[in-house]
Amino acid sequence: MSMRHIVISCALAAAMLPAHAFERPFPPITKRGEITIGKHPQVVLDGKDRTLSPGAWIRNKQNLIEMPVALYGRKFTVNYTENMEGNIDRVWILSDEEIKKPLPKKDAAK
């Protein structure tokens, strides 16, 4: 392997470090639960039938948006938020490290 290849490999490895260190910012209204994705827009959240709101999104462990049909029938530990109607509008599938962390603290003024 030439010196050029070694330098390029080291540069690429160093560039990837910030991606692994990214900590997703969850809003203070975030809740945590176990979700099973059903036939869109239906989901089961903590054993109760719930609905995804129009325009809802689901982010995977890499923080990329997933289509509900690709997750059909699978169960995940998630952080989620609800809209004013009580439908689920944002879902983050959690990594093992994120599951261990507590939820964000709600504002004391509310």
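Residue numbers start at 1 and run along the sequence shown. Here the structure is a predicted model, which means the values were calculated and not measured. Every heavy atom of this structure was used, including side-chain atoms; hydrogens, water molecules and symmetry mates were not.
- Between E98 and R32, the shortest heavy-atom contact is O-NH2, 3.5 Å.
- To the nearest 0.5 angstrom, K101 atom NZ is 12.5 Å from L103 atom CG.
- Scanning all heavy atoms of the two residues, the minimum distance from W92 to P27 falls at CH2-CD, 3.6 Å.
- Between the side chain of D46 and the backbone N or O of E34 there is at least one donor-acceptor pair closer than 3.5 Å.
- Contact record, L71 with I93: CD1-CD1, 4.0 Å, taken as the closest heavy-atom pair.
- The minimum heavy-atom distance linking A70 with E66 is given by the pair CB-OE1, 4.2 Å.
- Here CG of N63 is found 12.0 Å from CD of E23. Values are rounded to the nearest 0.5 Å.
- A donor-acceptor pair is defined here as one N or O able to donate and one able to accept, closer than 3.5 Å; no such pair exists between the side chain of R90 and the backbone of R59.
- In the hydrophobic clustering of this structure, F76 groups with L45; members are Ile, Leu, Val, Met, Phe, Trp, Tyr whose side-chain heavy atoms approach within less than 4.5 Å, directly or through other members.
- Considering CZ of R24 and OG1 of T30, their distance stands at 10.5 Å, rounded to 0.5 Å.
- Inter-residue side-chain proximity for K31 and N79 is flagged as unmet; no heavy-atom pair is nearer than 4.5 Å.
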Before giving the answer on side-chain contact (heavy atoms from CB on, under 4.5 Å), spell out for Y80 and I35 the whole-Å C-alpha distance, their side-chain angles and the decisive distance to 0.1 Å.
CA-CA 10 Å; Y80 67 96; I35 196 169; over 6 Å; no

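- Between I58 and P68 the shortest heavy-atom distance is CD1-CG, 4.2 Å.
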Go through the steps for D89 and T81 under the test side-chain hydrogen bond (donor to acceptor under 3.5 Å, both in side chains), then give the verdict.
CA-CA 6 Å; D89 60 355; T81 60; 2.6 Å; yes

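- A heavy-atom distance below 4.5 Å is not found between the side chains of V91 and V43.
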